[in-house]
Amino acid sequence: MAETTDCVVIGGGVVGLACAREMALAGMEVVIIEAEDAVGLHTSSRNTSCIHAGLNYVPGSLKARLVLRGKELLYQFCPEHGVAHRRCGKLMVAADEAGAAELPKIKANAETNGLFDLEFLDPAQVREMEPELAFHTVLYSPSSGIIDTHELMLALLGDAEANGAVLALNSPVTGGRVTGDGIEVDVGGAEEMTLKCRICINAAGFGAQKIAAAMDGVPPETVPAQILQKGVYFVAASKRPFTHLIYPLPGEHGSAVHVSPDVAGAVRFGPNTVPTDGIDYSVDESLAPFFYEAAKRFWPGIEDGDLVPGWAGVRPKTSNERASRNDFIVHDSSVHGVDGLINLFGIESPGMTSSMAIAEHVRSLTPAA
Ligand SMILES: Cc1cc2nc3c(=O)[nH]c(=O)nc-3n(C[C@H](O)[C@H](O)[C@H](O)COP(=O)(O)OP(=O)(O)OC[C@H]3O[C@@H](n4cnc5c(N)ncnc54)[C@H](O)[C@@H]3O)c2cc1C
């Protein structure tokens, strides 16, 4: 006989944990099912930890809406829960006239999406903020920030547990089925079991497609293709050349690398973009020339030995489009016909920033507690 609960959340990454908290706060009995022996071991702990402001997402997209709301929720939640973060601001840096011509378009797109605080900086301001930066024109986003994602996940989990949620680790979901009066979720691992629930939130990141496809009653044609892209970081070994987020144009996935200080001040460069067939977190040291070359364009003072290999993450995408063009996919019964099932696909960047807003959105799509 299956155990029963109101809500099963599959995946203990930042999105699953935010959803679990949201549902527990709404009064539901929640069980979080995580395959690994700890939460947040995958994409949620292998990212840039940037609180994105919402500059360049397609107007009207889920990303455009949820990133703004998610940022607002994070800036409320973090101080209340002691989550380390810093509203450090982001400099979008054009190196030449051609790049500078792009910046007003970014500002206009941001304003269409409801973000009105971007400003062009004069050169003296930029030199004062970032003395080591080479630039032609800089557009500044004051509401961009950085966060400790581990602390965020622990705080979300703590809140969820304080409201009755239960976390099951070492519990890979292997499949399930839609029954007449709910959803059954099959859990493998040392103690196999089946959990029956009214609401099932599939927040398994790169595992979401496989789970949806293994669930009897979910039309296979509603499960999108999955595309994985690896992103590698190098870190400044002993220097702290920048204190703000630095985003050189041409921007994401081009030959540029981004700079992000972490909450302790260490400076990271990346991620780059490499197609991959699987979950591979190795860091190829032979990428060093690419990182030096990209960094030299805006950090002329960089010297040999300044960068060392960092870490890698894998973006769970649904197309090869840039992250700003490829929207989150949130499927409810209006798409797959299964009451109470929410499938989350392609939760790449800005999924961490949007996590609490995704949870609100998911909650709005589910029947009341
Ligand atoms: C390189 C990179 C940089 C990024 N930078 C940023 C950034 O700066 N700002 C930002 O907002 N976003 C960023 N993102 C995006 C952000 O990290 C993700 O959107 C977010 O972490 C997704 O969280 P998640 O919970 O959906 O996925 P995950 O963190 O991957 O969690 C999914 C969980 O599901 C579990 N799971 C998988 N299969 C199963 C199964 N069968 N049974 C049970 N559990 C299962 C996994 O073990 C995992 O713990 C970045 C992503 C990458 C890759």
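First listed ligand is number 1; within each ligand, the first listed atom is number 1.
Asn343 and Asn202 form a side-chain donor-acceptor contact under 3.5 Å, judged by distance and modelled atom types alone. Donor-acceptor pairing under 3.5 Å is recorded for the side chains of Tyr281 and His42.
Set against the non-hydrogen atoms of His52, the atoms of ligand 1 under 4.0 Å away are 7 (C), 8 (O), 9 (N), 10 (C), 11 (O). Which parts of ligand 1 touch Glu36 is read off a 4.0 Å heavy-atom cut-off, strictly below it: atoms 47 (O). Near Val15, meaning under 4.0 Å from one of its heavy atoms, ligand 1 places the atoms 23 (O), 24 (P), 25 (O), 26 (O). Below 4.0 Å from some heavy atom of Gly205 lie the following atoms of ligand 1, by number and element: 27 (O), 32 (C). Applying the 4.0 Å criterion to heavy atoms of Gly11 picks out, from ligand 1, the atoms 33 (C), 34 (O), 35 (C). Heavy-atom contacts of Ile33 reach the following atoms of ligand 1: 43 (C), 44 (N) (cutoff under 4.0 Å). Atoms of ligand 1 found under 4.0 Å from any heavy atom of Val314 (numbered from 1 in listed order, with element): 53 (C). Near Thr353, meaning under 4.0 Å from any of its heavy atoms, are these atoms of ligand 1: 9 (N), 10 (C), 11 (O).
By the criterion of a heavy-atom distance under 4.0 Å, the side chain of Tyr233, and not its backbone, is placed next to ligand 1. Neither the backbone nor the side chain of Leu344 comes within 4.0 Å of ligand 1, counting heavy atoms alone. Only the backbone of Ser171 comes within 4.0 Å of ligand 1, counting heavy atoms alone; no side-chain atom from C-beta on gets that close. For Ser354, no heavy-atom contact with ligand 1 is shorter than 4.0 Å. Counting heavy atoms closer than 4.0 Å to ligand 1, residue Ala208 contributes nothing at all.
Residues satisfying the side-chain hydrogen bond (donor to acceptor under 3.5 Å, both in side chains) criterion with Gln125, sequence neighbours excluded, are absent altogether. The side-chain hydrogen bond (donor to acceptor under 3.5 Å, both in side chains) test applied to Asn326 returns Thr318, Ser319, Glu348, not counting sequence neighbours.
Taking the six-membered ring where the residue is Trp, Phe345 and His331 present perpendicular rings, their angle passing 60° and hence far from 30°.
Inter-residue side-chain proximity for Arg363 and Met28 is flagged as met; some heavy-atom pair is nearer than 4.5 Å.
Taking a 6.0 Å sphere around NZ of Lys210, one finds it holds 12 or fewer heavy atoms contributed by other residues, nucleotides or ligands.
Residue, atom and distance of the protein heavy atom nearest to atom 29 (O) of ligand 1 are Ser44 OG, 2.5 Å.
Taking distance alone, with nitrogen or oxygen atoms compared against 3.5 Å, Leu41 stays at or beyond that limit from ligand 1.
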